[in-house]
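One structure below.
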Amino acid sequence: MVFKLRPRWLQLALVALIGIILVLGLGRFPSIAQEAAAAKWKIGTEPAFPPFEMKDAATGDLDGFDIDLIKAIGEAAGREIEFVSLPFEGLIPALQSKTIDAAISGMTITAERSQTVDFSRPYFKAGLAIAVREDNSDIKSFENLMGKQIAVQIGTTGAQQAGSVKDAVVSTFDSAPLALQELVNGRVDAVVNDLPVTLFAINEANLKGVKVVGELVTEEYYGIALPKNSEALAAINAALETLIQTGVYAQIYRKWFVSDPPILPTIAPSLISPTRSGLNWGRLFQNLLKGAWITILLTATSFFFGLIGGSLVAFALISPVRPLRWLCRAYVDFFRGTPMLVQLFMIYFGIPAMLQGLGFEVSFNRFFAAVLALSLNVAAYLAEILRGGIQSIDRGQWEAGESLAMNPIETMQYVVFPQSFRRVLPPLGNEFITLIKDTSLAAVIGFEELFRQGQLVMATTYRSFEVFLAIAIVYLVMTSIASICFKRLEAYMDPISRAKKLTQAKASALPTTLPS
Ligand code: GLN
């Protein structure tokens, strides 16, 4: 009795202690946060937009026009700057939730965005331009993009413009360099992106075989974005004004663009006659359904090939041929030991780029690349599960096969594999459910599956909570259905419950009264 009381005592004391710490901690939190906020500005940026923001290859530090500018602004305003790297389409949600104080990321001041965030005065004049491969002679202007394949960066003004082109097939990527890589690899006809960034990629970053065509598609102004009604807005605007007046702004501009800066307006023209847009539930639902269908297709195809591949590798892993065993072990270790994301990038971007470097004109179809990467990955996991299943079958079963004059292949086919398959059904179900969720990684190669479809809606409406909740619900429905199906299959394949059902069925088929 005494021993039983002790842990309960301890538990109570522990709960009380945690309670006290929480109450004290929460009480202190706001003041700690406020103190930090007064000293520092947390600035969000997506560092894959050179020359505005990028990581210095040598030092790994952030570098670029925007970075220099915001550091100078911080200095002028007497604030320390702390950078937070975020995906571009995640910057506005981060401002909405106030996890960052401001964002500087070559962000165009648009009327839609200004419904959710506030912008500083314009600090850079840019515009969208079209990039094509050097050997392309049929795209010369925006009108020529009709019916063409276009790559863009998700959530950008370029994506929005490309979306307005009739009959064009638009693929969205997480960053501008990836969209340009897609063009170099020859899978799209054009990229619509901010001119200074495309020019920098061609002239400074050595992007080969790409040229800019036609005139500027749009004229845009970049602004620093802040949460609505942020107190920092006035301070940032004042500091920016000082930098322009004192010539520090021009100095930074010359450092990066080797020319004098243009005169900037004090208010972006796009805000003078703003348009309105909002979340359209019908459109969200339609897009998510479209995405869910692609997710199902990707999962089913990859699992099918993964299961075939995994079974073959499992047999090879227990085969007596030593080199084959080693080869398959290396394959399994590689695909289990490296992130799926890296494998996807390697197959989709890396291999074609490497082969093109060697002079072969190769590019993978997106569906093929996604299925290949997912199947290779899932096959590695399934191989281990199936191998474990096969080895768990009692040796006596092999001997039984032998005594029935079966050869090893027949014993495997009719005796061992069916039994081990039933045993491994629960982990197979787990793998299937994991695969449903992992298909969302295909979004990085521009695949518009469920997750990317949601991201696309989010990128134009900025209603992150509703959109991501809707995505989560659709995934949950799909994984729940899969889990029910696997449970059913397990029950169906269970010989004991099947035998019971059979006897029950036979019993109920018997006449209840004896014939007289
Ligand atoms: N200027 C473009 C936009 O605001 C692209 C910005 C970026 O990718 N960092 O949409």
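In listed order, ligands and their atoms are each counted from 1. By convention here, the first residue in the shown sequence is residue 1. Note: hydrogens, waters and symmetry copies are ignored here, and every other heavy atom, side chains too, is used. The structure displayed is predicted, hence computed values, not measured ones.
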Atom 6 (C) of ligand 1 sits nearest the protein heavy atom Gly106 O, 3.1 Å

Per-atom filter on ligand 1: closer than 4.0 angstrom to a heavy atom of Asp194 are 1 (N), 2 (C), 5 (C)

> If you measure from each heavy atom of Arg113 to ligand 1, is any distance below 4.0 Å?
Replying inline: yes

Ligand 1 to Met107, heavy atom cutoff 4.0 Å, flagged ligand atoms 4 (O)

Near Ser105 (heavy-atom distance under 4.0 Å), the atoms of ligand 1 are 6 (C), 7 (C), 9 (N)

Closest heavy-atom pair, Leu243 versus Ala76, reported as atoms and distance to 0.1 Å, is CD2-CB, 4.5 Å

query = Run the side chain to side chain donor-acceptor pair (under 3.5 Å) check on Ser97 and Thr99 step by step: do they pass?
reply = CA-CA 6 Å; Ser97 64; Thr99 26; 3.1 Å; yes

Got an N/O contact under 3.5 Å between Gln153 and ligand 1? yes

*Any ion pair linking Lys148 and Asp138 (charged N to carboxylate O, less than 4.0 Å)?*
yes

So, Phe124 versus Phe257, ring centres under 6.0 angstrom or not?
yes

- Query: Does the ring center of Tyr249 lie less than 6.0 Å from the ring center of Tyr123?
  - Reply: no

Here the atoms of ligand 1 under 4.0 Å from any heavy atom belonging to Thr156 are 5 (C), 8 (O), 10 (O)

**OP:** May I ask you to check whether Phe432 and Tyr381 place their ring centers less than 6.0 Å from one another?
**Re:** no

Next item on the list: Take every heavy atom of Tyr222, measure it against each atom of ligand 1, and state whether any distance is under 4.0 Å.
Entry: yes

